[in-house]
4 protein chains.
Amino acid sequence: MTQKVPGLTPDHASLIVHGADKPGIVAAVTALITRQQGNIVALAQYTDDPVGGAFFQRVVFHRQDLSVALPEIRADLAKTLGEFQLEWTLRDMSIPSRMAVLASTSDHCLLDLLWRHRRGELPVSVPMVISNHTNTADDVRSFGIPFFHIPSEGPDKSAAEAEILKLLVGNVDFVVLARYMQILSSDFLKEVGVPVINIHHSFLPAFIGAAPYRKAKERGVKLIGATSHYVTQDLDEGPIIEQDTVRVNHADSAVELARRGADVERQVLSRAVLWHSQDRVIRNGNQTIVF
Amino acid sequence: MTQKVPGLTPDHASLIVHGADKPGIVAAVTALITRQQGNIVALAQYTDDPVGGAFFQRVVFHRQDLSVALPEIRADLAKTLGEFQLEWTLRDMSIPSRMAVLASTSDHCLLDLLWRHRRGELPVSVPMVISNHTNTADDVRSFGIPFFHIPSEGPDKSAAEAEILKLLVGNVDFVVLARYMQILSSDFLKEVGVPVINIHHSFLPAFIGAAPYRKAKERGVKLIGATSHYVTQDLDEGPIIEQDTVRVNHADSAVELARRGADVERQVLSRAVLWHSQDRVIRNGNQTIVF
Amino acid sequence: MTQKVPGLTPDHASLIVHGADKPGIVAAVTALITRQQGNIVALAQYTDDPVGGAFFQRVVFHRQDLSVALPEIRADLAKTLGEFQLEWTLRDMSIPSRMAVLASTSDHCLLDLLWRHRRGELPVSVPMVISNHTNTADDVRSFGIPFFHIPSEGPDKSAAEAEILKLLVGNVDFVVLARYMQILSSDFLKEVGVPVINIHHSFLPAFIGAAPYRKAKERGVKLIGATSHYVTQDLDEGPIIEQDTVRVNHADSAVELARRGADVERQVLSRAVLWHSQDRVIRNGNQTIVF
Amino acid sequence: MTQKVPGLTPDHASLIVHGADKPGIVAAVTALITRQQGNIVALAQYTDDPVGGAFFQRVVFHRQDLSVALPEIRADLAKTLGEFQLEWTLRDMSIPSRMAVLASTSDHCLLDLLWRHRRGELPVSVPMVISNHTNTADDVRSFGIPFFHIPSEGPDKSAAEAEILKLLVGNVDFVVLARYMQILSSDFLKEVGVPVINIHHSFLPAFIGAAPYRKAKERGVKLIGATSHYVTQDLDEGPIIEQDTVRVNHADSAVELARRGADVERQVLSRAVLWHSQDRVIRNGNQTIVF
């Protein structure tokens, strides 16, 4: 068995549809899949307001010889959904999404992603890891993955960002910041042109910014958490994909909180990456639908 | 505001469809809803095997003047789904399901359900509580709910069961065993004719039978749990609806385990009852689909 | 069996000791208990910094005929711990703490506390419930507990606060705000002279202030939570006793978030009240030690 | 900073005391530590029955120049605790416990332990990994840890066990079975002479034996779990150290359950190993005290 779950699935497509809700959308979409000889494997639908709300749908369907039929299915979708003025994305699920990982010195999120990828848990390829430090180079390359070192010293990050963009653009479908400790500029986010997923080292909106575990210790919290979100120009304010918390107590030092936090961070980030790469996450303004 | 969430919803219907999977079912069902002037509010679908598996679908749709249109919708469903040889259930969600509760001396599950019902959290009516003890009578009646005492002493339970059946049959849509400490006979289950939901005071399949908290203490477990399931003739073996666990430690006595267990039991049972009364739970052999 | 766990325990005392750490404190305290013919049942100790930190200890000990021996034990403690310049509290655990509950219209936290009290889960007596609304009067009195209605309309709360103080002072050992929707003045907190425990309807420090569930919905969070803390003059900023979270998703409305939040609130508050009434919680600046 | 938390702590000792409860034990132990110039950093105590029960205590204390004073402290303990007929263990916490890991083809538990060890999260050294397969050899050696391959084919395991014993005996303080898929004989357990920690791939006592995830899928459970326990001659029945569960649903295949199970397994095992190596776990018959 070369294929692993929940990895790549030949002859399966994911279709995401969203836009203003109108009666008959689900019927139109599913009728289209039927006439295109597809068989629906999973379907989820959500409307954020029964009256005049926004409509979101994810369908996974099986279609024999999908790759041959794709152009015709796309043409049918363009015509059918155009009448409803809906946006849609159709993706062949036998093709892995290309994921780049940006990291700094911390290795817990980075290695967890690479290890899950090697186990076949993530339907992605990993064309590159980029870090502004060198300490993880050997580990990354031991997974057979290219490692690029792009330092980002000094106040002007534009040269480093330009170099990163040169590596990314055209080569990746999404970017994961696995505890990458540099703030990306608005220009970078515009030019990279693909979704960027971050792991925030606290339960947003608590303890935004630096030293969250020290702040959590000072506040005497009984839980610490982590948040994975899409990066937008509003730092730490992008749409949340996944969150989790873990119980701590008064005897835990700030260092111990950070250690437990690292465990939550890698779990939360790996779930967010899995769901994103399975086309389960749809952005809706500053929120997400996770099907 | 007379209507509470997630209570009754006027002009909304839930449609459950299941049977052997074939291409085109979702399209046929959603096309039917569209031509019957319904607007889909929520849709979930599941197939237990992409090839030759069983198909399950839950749709909630809004339809102006639903009560007038119901006969025509039913006729359309019978015709359309008959062609696919599918089973279906259509329910008007403005009408509460009628829930009977059977209890013994323990009050934690019973009172939690009645209190949630009074708050408008459960889309049910509660025509009666039946107990083989009298200690909860005042509490039940303070909620404005009829309390019937049917003792079940001695080895022969058939007289008591007959009396309970006389109260239930025709008057209720489902029965909840809220720590009812009597084993119901196969005959009773056949004659009652509606689903019976139980809360098992442990994390099945662990610690089946009597004194689960003493057994858990002896085994030195670090978690205890509860399981809510449909009652079948195989005691404690029916399809599981919901489960949860809670952390305990060596210092907790068996009595303390029971106290914490009671907290998990009422949470698990109330979730199972909510989901059942929202038509979210479909039985599939000895398993459940919970949409 | 008239006594229930974890209720009152005859001939048991809890001793809390705290102050600047010095070598030999634990030895001195435990030697004292031994010479006073006590047998240690539970002991927990914590030092917030091994070098020059603060010392905290909780001991529960059994002593035959405790009530007779208490004066002598107190004298011994005053002498022994005075040499170490430590603060201490000794409490006879056969005597329930007297708990007042302040509430408004919401009943979920209030009724859960009263119900747990009736089950024997809380080692407290409840001499009174005070509310600025009347809707819970019948429920409270059905538990055999006095209900006092003190409205708090208009901008000047001083008359209402004075009336509440007249009821509380001298009659209660601690006060629980069970979703009491009035802000207590600094003067009130000074004059009441006993700990006041609040349940904050969110996971502090997130969503402080009004309408937390609407804010949580707008932010698109995937978890909601609750925090129980001691009330200080810094609103919502007092020492945290307990916190918990529960998973939600995009399909949950703000009303549904509030419903799930209510479940977490009553669990978190009941745990905080139990631990406080078992003398397990020690305040350490703006933090707590929970043994 | 070369030292990491919760790693090795110079000049700190852990003292475990257990035996029949008598008044004055805690006083005697803490007085001893004081006269030996130790300062208590953490103390936890438990008695399983206030009347005639067993007594368990863990103390961590700081003592300047501990290594020099150890013989005198041990002599004092032997004399003092001998009078109480108590068993005790004193360990210098600056010396790492030597941990061997036995593994088969699965890498998730093995690599998680090695990675945590490298991060300084575990106060252990890892002198060897032994596997009956070769697939993890490169990964293990990339951590700088010796890998020994000892195949165990055929029905007679005694030769393989003898070879493993030759490697282990005298060289390790405890053994971790990180999804080692061979049953160890009673003779092996006797001769190895150190604690053996196992991770059971389900929530004991559920789904004992082979194929737990397939069994869990067939039973339609809503949670899956993992259990870490000390290995005894009663397979899967040894004293439980730690357990946890994770939520699953009807749509998860047996393969997906195994993937989520792997996440719980490595978390549960790493907590059990951490607590064991911090001397927090005391065996009490078929149960454990975890301080």
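Chain A is the first sequence line, chain B the second, and so forth, proteins listed ahead of strands; every chain is numbered from 1.
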ask   = side chain to side chain contact (heavy atoms under 4.5 Å, CB included) with V194(B): which residues, sequence neighbours excluded?
value = V172(B), V175(B), V192(B)
ask   = Which pairs pass salt bridge (charged side-chain N to carboxylate O under 4.0 Å, His left out) with one or both residues in residues 195-213 of chain B, sequence neighbours excluded?
value = none
Sequence-distant partners of A206(D), side chain to side chain contact (heavy atoms under 4.5 Å, CB included), two or more places apart = P205(B)
Show me the donor-acceptor pairs under 3.5 Å between chain B and chain D.
unit_1, atom_1, unit_2, atom_2, d
Y46(B), OH, H250(D), O, 3.1
K217(B), O, Q287(D), NE2, 3.1
E218(B), O, Q287(D), NE2, 3.1
R219(B), NH1, G238(D), O, 3.4
R219(B), NH2, D236(D), O, 3.4
R219(B), NH2, G238(D), O, 3.3
K222(B), N, Q243(D), OE1, 3.0
K222(B), NZ, T288(D), O, 3.1
K222(B), NZ, T288(D), OG1, 3.0
D236(B), O, R219(D), NH2, 3.4
G238(B), O, R219(D), NH1, 3.4
G238(B), O, R219(D), NH2, 3.3
E242(B), OE1, R247(D), NH1, 3.0
E242(B), OE2, R247(D), NH1, 3.2
E242(B), OE2, R247(D), NH2, 3.1
Q243(B), O, R247(D), NH2, 3.3
Q243(B), OE1, K222(D), N, 3.0
T245(B), OG1, T245(D), OG1, 2.9
R247(B), NH1, E242(D), OE1, 3.1
R247(B), NH1, E242(D), OE2, 3.2
R247(B), NH2, E242(D), OE2, 3.1
R247(B), NH2, Q243(D), O, 3.4
H250(B), O, Y46(D), OH, 3.0
H250(B), ND1, V290(D), N, 3.2
Q287(B), NE2, K217(D), O, 3.1
Q287(B), NE2, E218(D), O, 3.1
T288(B), O, K222(D), NZ, 3.1
T288(B), OG1, K222(D), NZ, 3.0
V290(B), N, H250(D), ND1, 3.2

